[in-house]
Amino acid sequence: MPRKMTRYAVVGTGGRVTMFIDPLATRFNKTNQIVGLCDTNPGRLEYHNDRLVSLGHPRVATYLAKDFDRMIRETKPDAVIVTTVDAFHHQYIIRALELGCDAITEKPMTTDDKKCRAIFDAVKRTGRKVRVTFNYRWAPGPTLVKQLLSRDIIGEIIHVDMEYLLNTSHGADYFRRWHREKDKSGGLMVHKSTHHFDLVNWWINSVPEEVYGHGRLAFYGRKNAEKRGLKVKYSRYTGQNTKGDPFALKLTDSGYMLDMYAKTEKYDGYIRDRNVFGDNISAEDTMSLLVKYRTGIVLNYSLNAYLPREGFHIVFNGTKGRLEYNEDHGMHVIEGSKKNSSPEGHDLNWESRCIVHPLFGRPYRVEIPKAEGTHGGSDPLLAEQIFSPKPPKEKWGRNAGHEQGAASILIGIAANQCFVTHKPVSIAKLCPQLGNRKKLSELK
Ligand SMILES: NC(=O)c1ccc[n+]([C@@H]2O[C@H](COP(=O)([O-])OP(=O)(O)OC[C@H]3O[C@@H](n4cnc5c(N)ncnc54)[C@H](O)[C@@H]3O)[C@@H](O)[C@H]2O)c1
């Protein structure tokens, strides 16, 4: 009997979509099929259709965003993969469910609490499934931390401290395009920190309860630049004399940027290389939070997006000891995916470290396994889990549905509210559908 092919339609054909369509077109093409691509930009649709052909996949039908429903009717997918700009995820997730498909969405699941509640309602109404692709859970370091914490080596966790550092390469890049507009991305608290909040929720197996914090735009943007005596001479970099500007990104310097963003700009005016010191930036670059969890644990978290180096460190303090985990990233590449180097190209021999300090015992280091592939080897493992007809049995609870997707974004959404009101924000009030379950593993 011929094997049943699983059919996928994809909405949002920008940079990230390759993580889904490339494995579908190659490693997993015996049991899967891409049946349609959808985007607001016909240029990027063609770009990815050409790439599919170069990977050996047949050309697929393409649809503009306004024809999303027609795509579903005509191509009859089993699931829709959502890789659009964050603020539009909910539209496609909900419509996919209503039209009888499951949805697989990139993080963040969505950008505000109203859209989040609407996704819960759609899941309830339709009985369909949403998967949120938290690839960071699948990286070898974070998986090791989960394994160690599950073995109770530091006892009951009481307190967590996490500092995430974005540098002037990767961090700045969020201020060159749509991520800098909070109505498109939810700001870095939602767009970026959703990864970090998800990791913490999953590591400590707890649901967040209350959030308090401060955030501001302190480094990027015209006002901050001019305060430091910098003159802002152009609103974008390509086509300008940017000599001596370390933040300049020329779309003409890379074939990928040229084809994906410069040549397609005429269709929708998406400018990929805006000056990080330009106007109309609504996202913060400096954020500090306190998150209280339903199990009593408190997380102290910060994210700064303009630093000389990139990576993060996290500390778990427990009743039997302390676990310290550190990742240093060269550029924005996560340890393990490439030989890391500083932006100047010097080999700085970056490494990640995991150290356990037992109470009254000798501290010891735990070796972190290496993995191949993008995002520290997490992307290929996640793709296998989603697309393989027989995925390896998952022992660490790394698959996440809409409820776990919500538990992560709601911290960022609460933080955004708190930045305005300066009052603590209750997660249960933002999303009553989460109920009063305490453990993350109790959520779908
Ligand atoms: N998990 C990860 O490591 C990771 C990494 C990068 C991006 N992402 C996520 O992937 C998603 C896409 O990010 P990207 O870097 O590819 O961005 P991108 O800007 O390169 O691509 C976004 C695409 O969405 C399209 N689009 C915009 N508005 C649309 C609409 N209303 N309807 C349909 N399409 C629309 C754009 O034309 C563009 O082609 C984001 O949600 C982002 O958070 C995740």
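Counting convention: from 1, in listed order, for ligands and their atoms alike. Keep in mind that the numbers below use all heavy atoms, side chains included, and drop hydrogens, waters and symmetry copies.
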Item to complete: With heavy atoms under 4.0 Å as the rule, classify the contact between Arg44 and ligand 1 as side chain, backbone, both or neither.
Response: side chain

Item to complete: Hey, can you tell me if Tyr261 and Tyr256 have their rings parallel, tilted or perpendicular (30° and 60° cut-offs)?
Response: perpendicular

Worksheet item: Taking the six-membered ring where the residue is Trp, are the ring centres of Tyr136 and His375 under 6.0 Å apart?
Response: no

Item to complete: Identify, by atom number and element, the atoms of ligand 1 in contact range of Val85, meaning under 4.0 Å from any of its heavy atoms.
Response: 24 (O), 27 (C)

Discussion item. If the contact criterion is a heavy-atom separation under 4.0 Å, does Arg272 count as touching ligand 1?
Written reply: no

Practice prompt. Would you mind running through ligand 1 and noting each atom that sits below 4.0 Å from a heavy atom of Pro108?
Written response: 43 (O)

Discussion item. Checking side-chain polar atoms at under 3.5 Å, does Asp379 have a donor or acceptor matched by the opposite partner on Thr374?
Written reply: yes

Discussion item. Under 4.0 Å from a heavy atom of His89: which atoms of ligand 1 are those, numbered in the order shown and with their elements?
Written reply: 41 (O)

Worksheet entry | Side chain, backbone, both or neither: the part of Lys107 lying under 4.0 Å from ligand 1 by heavy atom | both

Worksheet item: Does ligand 1 have any atom that is closer than 4.0 Å to a heavy atom of Tyr136?
Response: no

Practice prompt. Determine, using heavy atoms of Ser185 and all atoms of ligand 1, whether some pair is separated by less than 4.0 Å.
Written response: no

Discussion item. Taking only non-hydrogen atoms of Phe68, do any sit less than 4.0 angstrom from ligand 1?
Written reply: no

Worksheet item: Which of the numbered atoms in ligand 1 are below 4.0 angstrom from a heavy atom of Asn135?
Response: 1 (N), 2 (C), 3 (O)

Worksheet entry | Value rounded to 0.5 Å, distance of CZ in Arg222 from CZ in Phe277 | 11.5 Å

Item to complete: Note the single closest protein heavy atom to atom 40 (C) of ligand 1, along with its residue, its atom name and the distance in Å.
Response: Asp86 OD1, 3.1 Å

Discussion item. Check for me whether the distance between the ring centres of His214 and Tyr212 falls short of 6.0 Å.
Written reply: yes

Worksheet entry | Atom pair CE/CD of Met109 and Gln404 - distance to nearest 0.5 Å | 11.0 Å

Worksheet item: Just by distance, with hydrogens left out, do Asn275 and Arg236 show a side-chain donor and acceptor under 3.5 Å apart?
Response: no

Worksheet entry | Ligand-side contact atoms (ligand 1) for residue partner Tyr261, heavy atom cut-off under 4.0 Å | 18 (P), 20 (O)

Response to the item:
Per-atom filter on ligand 1: closer than 4.0 angstrom to a heavy atom of Tyr92 are 30 (C), 31 (N), 32 (N), 33 (C)

Discussion item. One residue to check: Arg177. Relative to ligand 1, which of side chain, backbone, both or neither has a non-hydrogen atom less than 4.0 Å away?
Written reply: side chain

Discussion item. Does any part of the side chain of Lys390, heavy atoms only, come nearer than 4.5 Å to the side chain of Glu384, both counted from C-beta?
Written reply: no

Worksheet item: Is there a donor-acceptor contact under 3.5 Å linking the side chains of Glu163 and Tyr301?
Response: no

Practice prompt. Over 60° means perpendicular and under 30° means parallel, so classify the ring planes of Phe312 and Tyr164, tilted if in between.
Written response: parallel

Worksheet entry | Minimum non-hydrogen distance to atom 34 (N) of ligand 1, winning option of Thr84, Asn41, Thr194 | Thr84

Worksheet item: Which is it for Phe20 and ligand 1 at heavy atoms under 4.0 Å: side chain, backbone, both or neither?
Response: neither

Item to complete: Measure the distances from the heavy atoms of Phe134 to every atom of ligand 1 and state whether one is below 4.0 angstrom.
Response: no

Fill in: Sub-4.0 Å atoms of ligand 1 with respect to non-hydrogen atoms of Thr13
39 (O)

Discussion item. Which of the numbered atoms in ligand 1 are under 4.0 angstrom from any heavy atom belonging to Ala65?
Written reply: 32 (N), 33 (C)

Item to complete: Would you tell me whether Thr111 and Asp86 have side-chain atoms, one donor and one acceptor, within less than 3.5 Å of each other?
Response: no

Fill in: Derivation and outcome, salt bridge (Lys or Arg N to Asp or Glu O under 4.0 Å), residues Asp273 and Lys250
CA-CA 7 Å; Asp273 61 329; Lys250 297 265 178 102; over 6 Å; no

Discussion item. For atom 36 (C) of ligand 1, what's the nearest protein heavy-atom neighbour? Residue, atom name and distance, please.
Written reply: Asp39 OD1, 3.4 Å

